[in-house]
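Data first, discussion second: the structure below is written as structure tokens.
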Number of protein chains: 2
Amino acid sequence: MERFIINSALDMHLHLRDDEMLKLVASKTSKDFVGALVMPNLVPPITTKEALLSYKKRIKEACKDDDFNPYLTIFFQVDYTYSFLEDIKDEIIAVKLYPFGVTTNSQTGVSSMDVEILRPTLEAMSKLGIPLCVHGETKGFVMDREKEFLPIYESLAINFPNLKIIMEHISTKEAVTLLDKYENLYATVTIHHLLLTLDDVAGGGLNPHLFCKPIVKRYEDRDALLKVVLDAHPKIMFGSDSAPHPKNNKEAADGAAGIFSSPIALQVLTELFEKHEKLDNLNNFVSLNAQRIYNLMPIKKEVNLIKKDFIVPEIYSNETEQVVPMFAGKTLRWSIE
Amino acid sequence: MERFIINSALDMHLHLRDDEMLKLVASKTSKDFVGALVMPNLVPPITTKEALLSYKKRIKEACKDDDFNPYLTIFFQVDYTYSFLEDIKDEIIAVKLYPFGVTTNSQTGVSSMDVEILRPTLEAMSKLGIPLCVHGETKGFVMDREKEFLPIYESLAINFPNLKIIMEHISTKEAVTLLDKYENLYATVTIHHLLLTLDDVAGGGLNPHLFCKPIVKRYEDRDALLKVVLDAHPKIMFGSDSAPHPKNNKEAADGAAGIFSSPIALQVLTELFEKHEKLDNLNNFVSLNAQRIYNLMPIKKEVNLIKKDFIVPEIYSNETEQVVPMFAGKTLRWSIE
């Protein structure tokens with residue numbers, strides 16, 4: 001039987017939420033991944049050392065049986081001082097910036113992307129070597145939001161040349177092009193932006209379980225992302241942006257944005273890279289690039305993929321939560337042994 | 001109190017469905033409108049005189065207390081002969097053409113839009129003076145489907161110069177432009193394509209109750225439609241495309257396409273035309289243009305709109321059906337007296 005080994009898989013963009021949802025979803029990543037960059041957009045968001053350490057403890061409890069390292073982030077605030085960042089530095093991997101109101105729990109995001117307003121915090125981060133992760137969308141037309149945000153990425157890259165800036169979950173061909181223009185720009189890419197277009201969300205029936213921000217775009221965008229990812233572009237890391245929402249918040253009159261892809265991420269990626277005869281590049285995308293960009297030295301942990309059908313569960317649930325995964329009920333060609 | 005009178009309102013694109021749903025929704029149109037062009041995409045579709053007459057009877061029963069004229073259509077089939085069409089002519093207002101698989105219940109639609117394949121039927125319709133209504137979408141990328149279909153409209157317009165061709169529920173600025181290029185092209189426009197963009201469906205949370213085919217597009221498309229409608233373009237008629245689906249088929253993992261707008265159509269249109277100081281043109285859009293294009297002589301029936309808040313019901317239901325209307329729970333500025 002055909003096999004493939006993924007070494008020390010890293011998910012560099014993950015939502016684990018909290019409480020019962022955290023307990024339900026954490027192991028879906030921690031079982032196979034060796035680490036994940038965990039998003040800070042709880043309610044309220046993680047903005048203090050106390051909240052950070054407490055959240056880290058809850059995550060570790062939720063995946064206590066696994067060799068798994070949660071790399072925590074804090075929620076960007078314009079009043080973060082050098083001394084605050086210096087004090088918290090060893091506990092975080094990055095600071096995550098959300099513009100106000102662009103996605104789930106971003107109501108406390110920054111209201112202006114004016115470089116001068118952001119400068120004190122970003123200069124402190126530059127000096128301390130703390131990377132900046134950004135949800136790069138404007139509040140424009142839903143299909144144009146990332147493209148409209150690119151000049152802001154450019155401005156940040158130029159003004160803070162020593163700051164590592166990670167364009168999170170890029171979704172357009174224009175973002176792919178921008179990546180190579182500035183040395184200090186990096187990116188994460190999700191599996192859904194590699195596989196889907198707006199046709200999958202709204203081309204047939206409306207599929208709330210494939211609805212996310214940034215929304216999946218056109219075929220040419222998907223194909224541009226796919227090309228650089230399959231070629232193991234050294235500045236691109238895998239970040240699932242797996243974002244669980246209760247089923248009844250998704251199948252609703254005002255459906256929540258986010259795709260729960262953790263349980264299928266490695267199987268889908270293996271299928272995709274194999275299909276394009278690029279399996280040799282998969283470990284770069286799901287581990288080595290992130291290790292280099294973030295200076296990580298994860299423990300060794302092998303995941304054995306075997307070419308055997310895997311039917312994606314219709315739902316994951318515990319006593320209080322029910323979450324529908326991406327591709328629920330579909331058959332994938334690879335399984336985790 | 002401010003008032004406005006709509007005379008002999010006509011909805012030139014309406015889905016009434018059948019059975020219990022028909023009983024629930026028919027009066028939402030028949031109460032105020034004097035007539036409506038009723039779509040034939042039942043399961044199975046209306047393709048015989050017998051089915052047509054039987055459906056007309058059921059519609060009349062469902063709205064028996066109202067002065068209302070259902071203008072029936074049949075579902076285009078390439079094997080309709082001249083004699084069949086001649087026989088059914090007096091019972092129908094038009095023939096509706098669906099390309100295969102582009103919307104609800106279009107599985108029996110035409111598999112090719114090749115003019116030569118369509119020619120015998122379309123020539124018979126031309127000779128008999130039967131208009132052709134078309135759902136003009138390709139199976140391309142969801143935002144491009146109407147634009148991609150426009151060359152087919154052009155080909156039909158050129159090849160059948162004596163055929164009245166109605167481009168149903170146009171949704172793009174390109175369709176607006178095409179309208180004036182051929183004398184025999186006409187169009188219907190919905191309220192949702194005049195008011196909404198993709199941002200309303202997927203820009204915030206995902207809203208299944210505003211999901212339809214063709215999908216609502218960009219701001220420039222909406223604005224181009226709005227301009228010609230407010231100016232009472234003589235080739236454009238109101239057609240709601242009101243399409244009820246059960247609530248649990250809309251708020252679902254595979255949500256049905258269609259917006260149930262009948263109960264609010266005249267109120268919303270009055271508010272819209274008043275806001276743009278174009279109330280003088282509203283009767284052209286909702287009645288006079290259709291009378292002229294289709295040679296109708298409807299009875300006189302006045303609807304009195306008064307400027308008084310109207311809170312849209314959260315749901316319309318009977319014993320077996322539940323339908324969420326467009327703008328459920330929102331407050332409109334005009335009511336029907």
Inset, instruction - Rounded to the nearest 0.5 Å, what's the gap from CZ on A:R145 to CG on B:D199? Could you check? - result: 5.0 Å
Legend entry - Partners passing ring-ring contact (aromatic ring centres under 6.0 Å, His included) against B:H135 (at least two apart in sequence or in another chain): B:H169
Legend entry - Interface residues of residues 254-262 of chain B facing chain A - non-hydrogen atoms under 4.5 Å apart: B:D254, B:G255
Legend entry - Proximal component of B:L198, with respect to chain A [non-hydrogen, under 4.5 Å]: both
Inset, instruction - Examine whether an atom of B:F141 lies under 4.5 Å from a heavy atom of chain A, and if so say whether it belongs to the side chain, the backbone or both; otherwise answer neither. - result: both
Legend entry - A:I311 atom CD1, over 12 foreign heavy atoms within 6.0 Å: no
Legend entry - Best-contacting candidate, B:L206, B:I215, B:V142, B:V201, against chain A by heavy atom pairs under 4.5 angstrom: B:L206
Legend entry - B:R218, part contacting chain A, at a heavy-atom distance under 4.5 Å: both
Inset, instruction - Please determine, among B:D144, B:V102, B:N249, B:L210, the option with the most heavy-atom pairs under 4.5 Å with chain A. - result: B:D144
Inset, instruction - Would you mind checking which part of B:A202 comes under 4.5 Å of any heavy atom in chain A, side chain (CB onward), backbone (N, CA, C, O), both or neither? - result: both
Inset, instruction - Flag the one option from B:G205, B:A253, B:A328 with the top tally of heavy-atom pairs under 4.5 Å to chain A. - result: B:A253
Inset, instruction - Check ring-ring contact (aromatic ring centres under 6.0 Å, His included) between B:F75 and all other residues, then give those that pass, not counting sequence neighbours. - result: B:Y98
Legend entry - Pair listing, side-chain hydrogen bond (donor to acceptor under 3.5 Å, both in side chains) test, anchored in residues 200-216 of chain A, at least two apart: A:H209-A:E251
